[in-house]
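Contents: one structure, followed by commentary.
All residue numbers refer to positions in the sequence shown, counting from 1.
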Amino acid sequence: MIIPSRPLSATRPSTNSASAPANTARVTPKAFSSVSTFEAGPSAKKAPTTPTTPVPAPQVPVEDVPPKSDPRYDGLKDQALINALHDAVSKHKNLGYDQARKIIFTTLDNRDGVVTCVYTGKELKTNKIPNSNVMNTEHTWPQSKGATGAAKADLHHLFPTDSKANSVRGNYPFGTVTKVKWEENGAKFGTDAQGRTVFEPPDAHKGNVARALFYFSTVYSKAIPANDEAVLKEWNKLDKVDAAEVARNDAIETYQQNRNPFVDDASLADRIADF
């Protein structure tokens, strides 16, 4: 299945939403912080092709998709909601990392033979897993912070990224950059207002990042630090769920047999005070 990608230049207005899953014990989570990770991939025999930066797409409105409430989560909040969500979506098929990457680059994020970096908008023509020095796989929740085993191959938090942008992000937390050290197509790396080193995705991917991390925290019982969580909840409202994100969620379900409930109903995040 080929999923159309949303143009990175399209920005969307902010608004709020609300809804949520039922019961299971949760392991005490670990925090999410900062060191560099670089996704390795198979080596290529030929010299790598450099991704090209597309001409910015015209500013067009991106349609937001109304949330789908799930009666299993009615009236639940905080830990009870986390438990219900965990019960509903934590059991899924482990594809293995090689298969997950193959799916990303050949079908899930491949549109007419082109894969686009979610951070920089750079495009690469490919019909297979590319040379990792050109484009590779971003673990939105870094491997060094707990994305190991089945979590390493979980498509709900994996996205294609230009190798340089992937390396720049490393495993630094996400945040709002106020002092820029690196910038490309809306993605930024630098320090935030508190002086923390953070990575900021472009506006069109901010909500996707937030919902991917809410999913990961819920499924794998990993805590999101309070500073990070506050920013992610803002991004969840700023960059609302659109048709492309829903289509990607639908496609992942066909491979893994589970969904990201925060894509189905982004307002679930507002009913959890502390991930």
**OP:** Answer yes or no: is there a side-chain heavy-atom contact under 4.5 Å between Gln257 and His92?
**Re:** no
Original post:
For the atom pair CG (Asp203) and CG (Leu238), what is the distance rounded to the nearest 0.5 Å?
Top reply: 5.5 Å
Original post:
Do Val219 and Ile272 share a hydrophobic cluster (ILVMFWY, side-chain heavy atoms under 4.5 Å, transitive)?
Top reply: yes
**OP:** To the nearest 0.5 Å, tell me how far Cys117 SG sits from Leu124 CG.
**Re:** 10.5 Å
Subject >> Within 6.0 Å of NZ in Lys102, more than 12 heavy atoms from elsewhere >> reply: no
**OP:** Determine the minimum heavy-atom distance between Asn136 and Ser163, stating which atoms define it.
**Re:** ND2-CB, 3.6 Å
**OP:** Identify the residue among Val263, Leu155, Leu158 that makes a side-chain contact (heavy atoms from CB on, under 4.5 Å) with Ile252.
**Re:** Leu155
Original post:
Pick from Phe189, Phe199, Trp182: which one makes a ring pair (Phe, Tyr, Trp, His ring centres under 6.0 Å) with Tyr172?
Top reply: Phe189
Original post:
When rounded to the nearest 0.5 angstrom, what is the spacing between NE2 in His205 and OG1 in Thr161?
Top reply: 9.0 Å
**OP:** Determine, for Glu184 against Lys164, whether the closest basic-nitrogen to carboxylate-oxygen distance falls under 4.0 angstrom.
**Re:** no
**OP:** Decide yes or no on side chain to side chain contact (heavy atoms under 4.5 Å, CB included) for Trp235 and Leu213, but give the supporting numbers first.
**Re:** CA-CA 12 Å; Trp235 290 355; Leu213 294 182; over 6 Å; no
Subject >> Whether His157 side chain and Ala151 backbone form a donor-acceptor pair below 3.5 Å >> reply: yes
Subject >> Residue pair Asn249 / Glu245, side-chain donor-acceptor N/O under 3.5 Å >> reply: no
Original post:
Atom CD in Glu123, atom CG in Asp162: separation rounded to 0.5 Å?
Top reply: 12.0 Å
Original post:
Hey, is the main chain of Val115 close enough, under 3.5 Å, to the side chain of Asp109 for a donor-acceptor pair?
Top reply: no
Original post:
With side chains defined as the heavy atoms from C-beta onward, is the minimum distance between Phe262 and Thr218 less than 4.5 Å?
Top reply: yes
Original post:
Is the backbone of Leu108 close enough, under 3.5 Å, to the side chain of Arg248 for a donor and an acceptor to pair up by distance?
Top reply: no
Original post:
Which heavy-atom pair separates Ala153 from Asn94 by the least distance, and what is that distance?
Top reply: CB-OD1, 3.9 Å
Original post:
Where do Pro202 and Asn185 come nearest, in terms of heavy atoms and distance?
Top reply: CB-O, 3.8 Å
Subject >> Spatial distance of atom NZ (Lys77) from atom CG (Asp270) [nearest 0.5 Å] >> reply: 12.5 Å
Original post:
Out of Phe159, Phe216, Tyr97, which residue meets the ring pair (Phe, Tyr, Trp, His ring centres under 6.0 Å) rule with His139?
Top reply: Tyr97
Subject >> Residue pair Met135 / Thr116: nearest heavy atoms and the distance that separates them >> reply: CE-C, 4.4 Å
Subject >> Beyond-backbone contact of Arg211 with Asn236, side-chain heavy atoms, under 4.5 angstrom >> reply: yes
Original post:
Lys93 versus Tyr255: any side-chain heavy-atom pair under 4.5 Å?
Top reply: no
Subject >> Nearest heavy-atom neighbours spanning Trp141 and Ala223 >> reply: CH2-O, 3.4 Å
Subject >> Minimum-distance pair of heavy atoms, taken over all atoms of Asn110 and Thr126 >> reply: ND2-O, 2.9 Å
Subject >> Transitive ILVMFWY side-chain link Val231 to Val177, under 4.5 Å >> reply: no
Original post:
Can you tell me how far NZ of Lys145 sits from CD of Gln143, rounded to the nearest 0.5 angstrom?
Top reply: 12.5 Å
Subject >> Side chains of Phe174 and Arg169 in contact at under 4.5 Å (non-hydrogen atoms) >> reply: yes
Original post:
Is there side-chain contact between Arg196 and Asp228, with at least one heavy-atom pair below 4.5 Å?
Top reply: yes
Subject >> Cluster overlap Tyr220 with Val89, hydrophobic side-chain contacts below 4.5 Å >> reply: yes
Subject >> Side chains of Val246 and Asp250 in contact at under 4.5 Å (non-hydrogen atoms) >> reply: yes
**OP:** Decide yes or no on side chain to side chain contact (heavy atoms under 4.5 Å, CB included) for Asn258 and His156, but give the supporting numbers first.
**Re:** CA-CA 9 Å; Asn258 78 332; His156 285 298; 3.2 Å; yes
**OP:** Quick one: do Phe105 and Thr137 satisfy side chain to side chain contact (heavy atoms under 4.5 Å, CB included)? Show the steps, please.
**Re:** CA-CA 9 Å; Phe105 288 106; Thr137 309; 3.6 Å; yes
Original post:
Are Glu138 and Val118 close enough, and set up right, to give a side chain to side chain contact (heavy atoms under 4.5 Å, CB included), and what steps lead you there?
Top reply: CA-CA 9 Å; Glu138 166 72 314; Val118 294; 5.6 Å; no
**OP:** State, yes or no, whether a side-chain contact exists between Asp154 and Tyr215 at a heavy-atom distance under 4.5 Å.
**Re:** yes
Original post:
So, does Thr106 use its side chain to make a donor-acceptor pair with the main chain of Ile129 at under 3.5 Å?
Top reply: no
Original post:
Ignoring hydrogens and geometry, is there a side-chain-to-backbone donor-acceptor pair from Lys240 to Val65 under 3.5 Å?
Top reply: no
Subject >> Test item: Ser217 side-chain N/O and Phe214 main-chain N/O as donor-acceptor pair under 3.5 Å >> reply: no
